[in-house]
Amino acid sequence: MPKSKDSSPSEVQIQKSPAEFFAEHQAIAGFDNLGKSLYTSIRELVENSLDACESANILPEISVHVTEYTQKEFNKVAGLAESPRKNANDQELFQKKTKTPKKPPTEPQLTQETNESSTKKRKTASQDAYFRIVVQDNGCGMEHNAIPHLLGKVLSGSKYGVRQTRGKFGLGAKMALIWSKKSSGQPVRIQTAHRRSGTDIPTHCSVCVLDIDISKNEPIIMEHRKYANKENFIGTRMELLIAGNWTTYRSRIVQYIQQLAIITPYAYLQLDYENISEPQRNLQLQYQRRSEQMPPPAATVKHHPSSVNNIIVQQLIQMTRAKNLVKFLSTELASVSPAMAKRLIGELNEVDEEMDPRELTDAHITRLVQLLKRVEIFKAPDGSCLSPLGEYNLNLGIQFVQKPDLIATARDKPAAFEGHPFLVEAAVSLGGKTMKEGITVVRFANRIPLLFESGADVSTRVANSKIKWSSYKIDFKRDKIGVYVSIVSTKIPFKGTSKEYIGDDATEIQQSVKRAIQSCCQQLKVRLVKRTALKDAKERSNRLRKYIPDVSRSLYGILEGMRKRREEGDIHGDEYTSTASPSKRLRLDPQRSNQMIHKLKSGEMNEALITRALNQAIRDHQPQQDEQIIVAEKATPLFLVPLYNLDDPQYDVLDVLFTFRPIQAILNVVSSTSSPETTH
Amino acid sequence: MSSRKRQSTPAVQSQESTTTVSSSKRRVVAIAPDADAVLRECRKLRDAMRSSSNETSDKASRVIPEGVPSSIVEVDELKAPEVLEGMESIALDIAQQVLSGKGFSMEIPSRAATNQLYVKEWDRIVLGGKRSSRSFLNVKESRKAAITLRVLQLIHAVLMKRIHITKRDLFYTDVKLFVDQAESDGVLDDVATMVGCTRSNLNVVASDKGLVVGRVQFIEDGDPIDCTRMGVGGKAIPPYIDKIENITSDAEFILLVEKEAAYMRMAEDRFYHRYPCIIITAKGQPDIATRMFLKRLKEELKIPVLGLVDSDPYGLKILSVYMSGSKNMSYDSSSLTTPDIKWLGLRPSDLDRYDLPDQCRLDMTENDIKTGKELLKEDFIQKNPEWMKELEIMVSDKIELAILYTIGCLVVDKQP
């Protein structure tokens, strides 16, 4: 598709539309192969649905329905007539050139059967199939007129602000659209009901069937109509037909849904897989909602001065309504007050406070950016714009999905990486039926699971090499350790093109992850120690009893030996003299030994008696089981959300463990009924 | 101490003049012609020992010197019935505790490194007065308490039967309880300190390790032994030291050799005929039997002991075990240590004195130097300024006894 021709005939200059670019380089967006394409398509649609629900503050209810078709079935569904092949004898055309070992035709019938079954097996294992994916949510829906643009144009979207979002490039759903066009040629079908506020049932419903013109990066509208919402339809239903491979990525898709259930415990998730030709492979997965607590929606914030670059400043200049530089700097950037803006301008040559920002030259902008990066006194970006899941929800999510024996959660204080605030929440779990021995790291970035490239990820690296597990009484080889790290940020520093992992060269993030995990481990250690103490107390009597036979046999043996020796009159042998001073050496008290010998002779003293006495002693000396331990075992954890950056400490009530601060200042008296908030 | 003067010119001995082969095929080695000259210093030492030995009686050395806590644990040589009585008294005490329904607990002198003292006046390590208790009702100690009682009973039975067993025997008597031989071995020393006897009094012995050859005769359990007629290899030093009696000898000194190879060389050359002596080796770190045997020989024969060890920190350390005792056996150091062993060689200063060629010298490894520097801090080295000097030279060079063969055994011939 040459758009303009250069004078040189050998070099043709081609301009590509974004849609074309991504269609050709689909691996960038996670469409590496058929299996992964299926996985990514599902994932992108699900994440869009979650965003749609959360932006309207609705508890999400998302169902994914995957139907597998063979090519034949697909043709039927897609309305393609099964065209009879003109040359039915040309089998070679469709066969791979492989050598099949010839079997001696001894039992012809049997051989044929096995042949048939083996080809069938190969079919199911490796042959790629077509899938209908239907994702339905109860979110805010899309506005009727905006639908084609939202879905049919690559790199257009609502996620470009400085805000914590799941997606980043406005690419996901559109890539699925491109993939559907590429692999099956089928358009997507969208049914949606847009609602303006959270609760009312929308009056109208839209149906849209979309194709995409890849060379123009424009949607092709095949059907677009609006009708009265009589069936009380809520949310959005997306339906697409793509090629894929379920067998190779089944476990990944299941894992994704499972981890999504951990990180979004306030959502109802459902996955149905249906195989028309082989119903025994059908699969159904359901995760009920466990929490009504939804994290607050993330706020869009202004750029932090330390995170801007030339291009961002230029964009800001284009968009700003500010008429002079002071106003521009103080309104378009975070943490810059008018006074600060004046100080900054004072540092720059050739510009003054009243200058129109649009008059800035490229050189001015470069110098301004350099200055902004050098200044150290800007207030660090705070985490208030972030929307972490919260320890309570994280705990619930893990409890429900993995059912571990022990779990601890922690949240590190917000920090900034390259001018973007981030916040790390971590949980460490021990035990759980489905967990493997050793460390399993589960990673989340902006509340979506990261499944691939775990080896190089910051969380994996920290968990495997930076944490000294043994010092927390955890055996990292044999204990079933689950490490869950959730990082939220206005910009997650992903490595590579696809959103798969965060490099561990982001030092601030690495340290924060380490602190969070360590904090979890410390909590676990306390509980592990208490647990072992409790267990020890229980096992104590058993352990002691084990040695009773040895002790009573030995003790009785010596006493019996003493008796025998006395009878033989050995005690006053002629060799009974040594140079040792008699006072120093241990001597038998004649009275006591005589008593004992008497008892031994009469049978009053015997091995059974010793055994009984020892048993009695063990029973009597059972230390009181520490009631505190038992209480601690039964207690449910209390989750307090830490508040940082509170400015008004004058009504604080300080305690060793926490600080009480009335949210509304109560004058003269600090009442115990004031609503407590804690600060660390 | 090291007042001996060394002859600075090594004299070369001609083998033919001293060695003849008799008709009975027994090699007869005549006394070296320069023996008198060489042994002069040695005899001086011997005479000094014999004249002073009458004054320092056994009891005098028992008096605890000033500055040493009186609580130190020193065990005595006890007769079997006394050991039995001690054990029974312990058992009786335990039985009383058990019957009163309180379980039982034992007080055992601690053999930890922190409880070891070096007594300058005695020139040996002794066990301090710290005690640890072992209670049956304590989960952490109950196993150890059971093992201790079991070992007590086993040894009681052994003593009753008047037999000796080895440590390995003891372990195999109740493998199920002991699990690891280190457990029964360790408890053995606990029992000895509890009763207050030496470990050999418990009739538990280690297997043979030491060798002796040379001009000494004794009766072992009724059999006459002549260590000049023990063939090339010599006699194994028996662990039953109390069965050795009537030690007689015309040797002028005892030569203590670290390496078995050096011992074999001298035994085969019948070195002990050329210079009348008794040669002993424990093949490295000495065991109890060898140490006790050496002590017996020195006390009964009253002849000087000369040590021939590698010129490295380990050689010196081995010498120190003979002289001052080991930390593990410090409770019995009085019957195991032989004070006043003369460090014959190889001294680091010998390297240059005899102009030993470079090929014989090994570089000190980092570990050697570390050990050497630690030795410099030890009391028994610091009390001897000449040794300090040698050790400081040593930290720069090390020499193995094996080099003596490369230069034809001349130095050994030359130097008592």
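Note on naming: letters A, B, ... go to the chains in the order of the sequence lines (proteins, then strands), and numbering restarts at 1 for each one.
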Engineer: Where does A:R553 contact chain B at under 4.5 Å (heavy atoms): side chain, backbone, both or neither?
Structural biologist: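 Contact with chain B involves both backbone and side-chain atoms of A:R553.
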
Engineer: Which pair of heavy atoms, one from B:K302 and one from B:E299, lies closest together, and at what distance?
Structural biologist: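 The pair with the smallest heavy-atom distance is NZ-O, 3.1 Å.
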
Engineer: Among A:D550, A:I610, A:L609, which residue forms the greatest number of heavy-atom pairs with chain B at distances under 4.5 Å?
Structural biologist: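 Ranked by contacts with chain B, first place is A:D550.
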
Engineer: Under 4.5 Å from any heavy atom of chain A, what part of B:F136 do you find: side chain, backbone, both or neither?
Structural biologist: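 Contact with chain A involves both backbone and side-chain atoms of B:F136.
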
Engineer: Heavy-atom cut-off 4.5 Å, strictly under: side chain, backbone, both or neither for B:N138 against chain A?
Structural biologist: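 Looking at B:N138, just its backbone touches chain A.
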
Engineer: Between A:S552, A:G557, A:S593, A:G561, which shows the greatest number of heavy-atom pairs under 4.5 Å with chain B?
Structural biologist: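 Of the candidates given, the most pairs with chain B belong to A:G561.
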
Engineer: Please determine which of B:M329, B:R199, B:R124 meets the side-chain contact (heavy atoms from CB on, under 4.5 Å) test together with B:L336.
Structural biologist: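 Testing B:L336 for a side-chain contact (heavy atoms from CB on, under 4.5 Å) against B:M329, B:R199, B:R124 leaves exactly one candidate, B:M329.
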
Engineer: Chain A heavy atoms under 4.5 Å from B:L154: which part of the residue, side chain, backbone, both or neither?
Structural biologist: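 It is neither, since no heavy atom gets under 4.5 Å.
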
Engineer: Tell me which of these, B:L149, B:T148, B:I94, has more heavy-atom pairs under 4.5 Å with chain A than the rest.
Structural biologist: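 The answer is B:L149.
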
Engineer: What are the two closest heavy atoms between B:G103 and A:A617, and how far apart are they?
Structural biologist: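 Minimum heavy-atom separation between B:G103 and A:A617: N-CB, 3.4 Å.
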
Engineer: Can a salt bridge be assigned to the pair B:E85 and A:R565 using a cut-off of 4.0 Å between side-chain N and carboxylate O?
Structural biologist: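 Looking at A:R565 together with B:E85, the answer is no, because their closest N to O distance does not fall below 4.0 Å.
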
Engineer: Please check if any side-chain donor atom of A:H598 sits under 3.5 Å from a side-chain acceptor atom of A:E604, or the reverse.
Structural biologist: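 No, no side-chain donor-acceptor pair sits under 3.5 Å.
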
Engineer: Between B:L92 and chain A, with a heavy-atom cut-off of 4.5 Å, which part of the residue counts as in contact: side chain, backbone, both or neither?
Structural biologist: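 It is both, since atoms from each part get that close.
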
Engineer: Between the side chains of B:D190 and B:R111, is the shortest nitrogen-to-carboxylate-oxygen separation below 4.0 Å, so that they form an ion pair?
Structural biologist: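 Yes.
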
